[in-house]
Amino acid sequence: MILDRVRFGPAGFPIDAPKERAFGYLREIGLSGMEYQAVRRVPTNEKELKKLGDEARENDIILTLHAPYAINLSAETEEKIRGSINRLLSAAKAAKAMGAGHVTFHPGYYLRRSRDEALRIAISALKELRETMISEGIDVELGPETMGKPSQLGSLDDVLEMAKSVDGVSPTVDFAHLHVREGGIIKSEEDYRSILNKIEKELGDINGLVVHFTEVEATSSGYGERMHHELGSGYGPDFRPLAKIMAENGLKWFVVSESPILERDSVKMKEIYESFLKNK
């Protein structure tokens, strides 16, 4: 996404305000973005979507959209892949109607395929989808999300390969997922730098990223996501080293809070980030 500055916002409507005044409330508490959750159903009323987008823009709130969970671009049958493409296309249409510039989605599962085969099939599906979007004038960025379970298509390497292979694709980087997918790998500033260096090496730039963040509890095996927790829970990863990197490098990201307390932790993350800006 093209971003004018760092923006923070929740994954979904705020918990401390009614929907009808959500965007004004987010502005009042100093936030400037929101990820619209279409994870169960994609809205289709274009008039209502446009109204929602207009209200967001009036309050300087940028929007992204999270597509349905029921997407698997590497499914075992053509019918299921076709259904996934159609659901992602519907999400892109809704995003365009509301003025959202980025659609986050879960790419799928490896299932009984090799990693390379699953990735090849998903990339082919994305290329087909992008062709349809271009033909229909849908100029919305597609964001395959880094996923938290080792069985899921969505390692950092997976989503970077998708982004390199298909125009109009840029990863949604979920640091909690990256953390638990590999057994709790983010323990320091250098661990964040290693991830960001890889993204920059592969894509050429790390500005404009859509980033998901929360603290996360791993499964009993230590690998994979069990539950999201609020900041300060004692689970990893720690946001402070990432905020320090963002401030020192002037990075322009949209940081989406996936914490259970949504905008409350968005405000905390913004405050942490601003504390590093003051000390530059």
Side-chain angles (χ1 to χ4, degrees), residues 1-69 91 94-104 140-141 143 145 172-176 208-216 227-233 239-240 242-243 246-247 251-278:
M1 287 181 68
I2 297 175
L3 295 170
D4 57 345
R5 64 187 189 275
V6 176
R7 289 175 177 259
F8 292 86
F13 286 98
I15 58 177
D16 290 330
K19 282 187 179 181
E20 57 267 24
R21 61 177 303 265
F23 301 124
Y25 172 71
L26 291 175
R27 185 196 69 238
E28 288 167 12
I29 63 175
L31 300 179
S32 53
M34 189 188 87
E35 180 183 80
Y36 184 96
Q37 300 292 288
V39 298
R40 307 295 179 192
R41 182 186 67 84
V42 177
T44 57
N45 187 320
E46 288 195 18
K47 182 178 179 181
E48 289 300 315
L49 290 170
K50 184 178 184 302
K51 179 182 177 183
L52 183 145
D54 289 344
E55 290 175 358
R57 281 186 292 278
E58 287 169 5
N59 288 282
D60 190 30
I61 304 295
I62 65 160
L63 295 173
T64 59
L65 181 144
H66 199 305
Y69 292 141
K96 179 187 176 184
M98 70 174 67
H102 180 98
V103 175
T104 291
V140 174
E141 188 175 85
E145 183 176 351
T172 298
V173 181
D174 188 312
F175 284 100
L209 288 179
V210 174
V211 168
H212 283 183
F213 201 92
T214 186
E215 294 182 8
V216 63
M227 186 185 301
H228 289 186
H229 289 272
E230 61 190 77
L231 294 190
S233 67
F239 182 67
R240 293 184 64 81
L242 183 61
M246 291 168 59
L251 297 175
K252 298 175 182 178
W253 291 352
F254 176 30
V255 182
V256 179
S257 168
E258 288 205 313
S259 157
I261 55 174
L262 294 177
E263 78 275 10
R264 298 177 193 172
D265 269 351
S266 280
V267 171
K268 288 181 184 177
M269 284 190 270
K270 182 172 181 276
E271 290 171 349
I272 291 168
Y273 166 73
E274 290 176 343
S275 72
F276 285 107
L277 276 183
K278 292 176 183 176

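Nothing here was measured: the structure is a model prediction, and the numbers come from that model.
- Taking both residues in full, the closest heavy atoms of G208 and W253 are given as N-CD1, 4.2 Å, listed atom of the first, atom of the second, then distance.
- Distance alone, capped at 3.5 Å, is enough to place a donor-acceptor pair between the D265 side chain and the L231 backbone.
- Here the OG-CG distance, from S32 to D4, works out to 8.0 Å after rounding to the nearest 0.5 Å.
- Remark: K50 engages D54 in a side-chain contact (heavy atoms from CB on, under 4.5 Å) (not counting sequence neighbours).
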Intermediate values then yes/no, side chain to side chain contact (heavy atoms under 4.5 Å, CB included), D60 and R7: CA-CA 10 Å; D60 190 30; R7 289 175 177 259; 2.9 Å; yes
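- To the nearest 0.5 Å, the span separating CZ on F213 from CG on L242 amounts to 6.0 Å.
- For the atom pair CE (M246) and CZ (F239), the distance works out to 5.0 Å, reported to the nearest 0.5 Å.
- Between the side chains of H229 and E215, no donor N or O sits under 3.5 Å from an acceptor N or O.
- In this structure, CD on E263 lies 11.0 Å from CE on M269, to the nearest 0.5 angstrom.
- Considering every non-hydrogen atom in both L3 and F254, the closest pair reads CD1-N, 3.4 Å.
- Of the possible polar contacts, none joining the E230 side chain to the I261 backbone as a donor-acceptor pair under 3.5 Å is found.
- Qualifying side-chain contact (heavy atoms from CB on, under 4.5 Å) partners for A56, counting only residues two or more places apart in sequence or in other chains: F23, I61, L63.
- For E258, the side chain to side chain donor-acceptor pair (under 3.5 Å) partners at least two apart in sequence or on another chain are H212.
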For residues 12-20, tabulate all N or O donor-acceptor pairs below 3.5 Å that involve a side-chain atom, not counting sequence neighbours.
unit_1, atom_1, unit_2, atom_2, d
D16, OD1, R264, NH2, 2.8
D16, OD2, R264, NE, 2.8

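- Without hydrogens or angle criteria, S259 side chain to T214 main chain gives no donor-acceptor distance under 3.5 Å.
- Closest approach of L65 and A95 over heavy atoms only: CD1-N, 4.1 Å.
- Residue T172 comes nearest to G143 through the heavy atom pair OG1-O, 3.4 Å, listed as atom of the first residue, atom of the second, then distance.
- The shortest distance between side-chain heavy atoms of I29 and S266 does not fall below 4.5 Å.
- By the salt bridge (Lys or Arg N to Asp or Glu O under 4.0 Å) test, D174 is found to be paired with no residue, residues two or more places apart in sequence or in another chain being considered.
- The line from NE2 of H228 to OG of S233 is 11.0 Å long, rounded to the nearest 0.5 Å.
- Electrostatic pairing of E274 and K270 counts as a salt bridge here, judged by a charged N lying under 4.0 Å from a carboxylate O.
- Note that CE of M1 and CD1 of I62 are 4.0 Å apart. Values are rounded to the nearest 0.5 Å.
- When each of E58, E55, E28 is paired with R21, the salt bridge (Lys or Arg N to Asp or Glu O under 4.0 Å) condition holds for E28 and for no other.
- At distances below 3.5 Å, not a single donor-acceptor pair connects side-chain atoms of T104 with backbone N or O atoms of H66.
- Within the structure, every pair that satisfies the side-chain hydrogen bond (donor to acceptor under 3.5 Å, both in side chains) test and touches residues 36-46, not counting sequence neighbours, is listed here: E35-Q37.
- Residues P43 and A94 come closest through the heavy atom pair O-CB, 3.7 Å.
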